[in-house]
Amino acid sequence: MILMKDIVRDGDPVLRQEAAKVSFPLSEEDQKLADDMMEYLKVSQDPDLCKKYGLRAGVGLAAPQVGASKMMAAVLVPSEEGTKSPFTDVIINPVIISHSVQSGALTEGEGCLSVDKEVPGFVPRHDRITLRYQDTTGETHKVRLKNYPAIVCQHEIDHLHGILFYDHINHDNPYEVDEGTIMFE
Ligand SMILES: O=CN(O)C[C@@H](CC1CCCC1)C(=O)N1NCCC[C@H]1C(=O)Nc1ccccn1
Ligand code: NI
C-alpha cells in the first residue's frame, strides 16, 4: 500500500524527468503500480482511512511521484453525493490531442502531494481537453473533459513530462490570468 513515506518530494530528479512510455500487456509490476496508485486515491478520500494511514487526500497520483518514471497516472475525481465520478481511471500513455483556446484555473490555486510548500497563485490550464489514453487492459480511450476533471488530468500529465504546477504560475503577478480564463472552485 502506498503511504506518504513512499511519495517522492520536490528536489528528487525523478520529478523532473520525461517518463517512459508503458508497453502492453502490462507487466505484473506495472499492473501492481496502477492498482496501488488508484488504491491510494480511494483510501485517501475515505476520511477514516485517510486519518488512519496519515495520508493527504488526493484526486490524482502520477507514477513519478512514487519513484516510477513511467507514463501512468491514477485519477479519481470525487463525485457529489450519490452521483457518478466525473472521471475515474488509470491513464496510461496519455496525450492531449486537442484543447480549448479558453483557459481555466482553480480559484484556490493548486498544490501537489510532492510539493510540501504552499505556492500561491493561479495555475492557468486549458479549460477543455480531448484526452487519448490507454487503460490498464491496453484499450484506447478518447475522452472530452472540462473544468475540474480537465485540470486534474493536466496536472497529472504534467508530472509525466517533469512539469510541476508552480512552473505555470506567473511569478511577477501570481494572480494574473489571461482575460476570458474560467475560474472555478
Ligand atoms: O499529482 C497529483 N497530486 O499532486 C495530488 C493533487 C492533485 C490535484 C492538485 C490540483 C489539481 C489536481 C491533489 O490531489 N492535492 N494536492 C495537494 C493537496 C490537496 C490535494 C487535493 O486536491 N485533494 C483533494 C481535492 C478534492 C477532493 C479531495 N481531495
Ligand atoms: Ni502533483
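Whatever order the structure lists ligands and atoms in, that order sets their numbers, starting from 1. This chain uses plain numbering: 1 for the first residue, then up along the sequence. Just so it is clear, the values below take in all heavy atoms, side chains as well, and ignore hydrogens, waters and symmetry mates.
When only non-hydrogen protein atoms are considered, atom 17 (C) of ligand 1 lies nearest to C112 N, 3.4 Å. Nearest protein heavy-atom neighbour of atom 7 (C) of ligand 1: E156 OE2, 3.7 Å. For atom 4 (O) of ligand 1, the closest heavy atom belonging to the protein is L113 N, 2.8 Å. Nearest to atom 21 (C) of ligand 1 among the protein's heavy atoms is A57 O, 3.7 Å.
Between V77, V59, L41, it is V59 that holds the heavy atom closest to atom 28 (C) of ligand 1. Of the listed residues (Y40, F165, Y148), the one carrying the non-hydrogen atom nearest atom 25 (C) of ligand 1 is Y148.
Take the Ni ion (ligand 2) as the corner point: the lines to NE2 of H155 and to NE2 of H159 open at 100°, to the nearest 10 degrees.
Set against the non-hydrogen atoms of G58, the atoms of ligand 1 under 4.0 Å away are 14 (O), 23 (N). Residue E110 approaches ligand 1 through these ligand atoms, each under 4.0 Å from one of its heavy atoms: 10 (C). Residue-ligand proximity, G60 to ligand 1, at heavy-atom distances under 4.0 Å covers atoms 2 (C), 3 (N), 5 (C). Within the listing of ligand 1, atoms 17 (C), 18 (C) sit less than 4.0 angstrom from a heavy atom of R56.
Close N/O approach between S114 and ligand 1 is not found [any backbone or side-chain N/O within under 3.5 Å].
Assignment of Q45 to the shell around ligand 1 is not supported, since no heavy atom sits closer than 4.0 Å.
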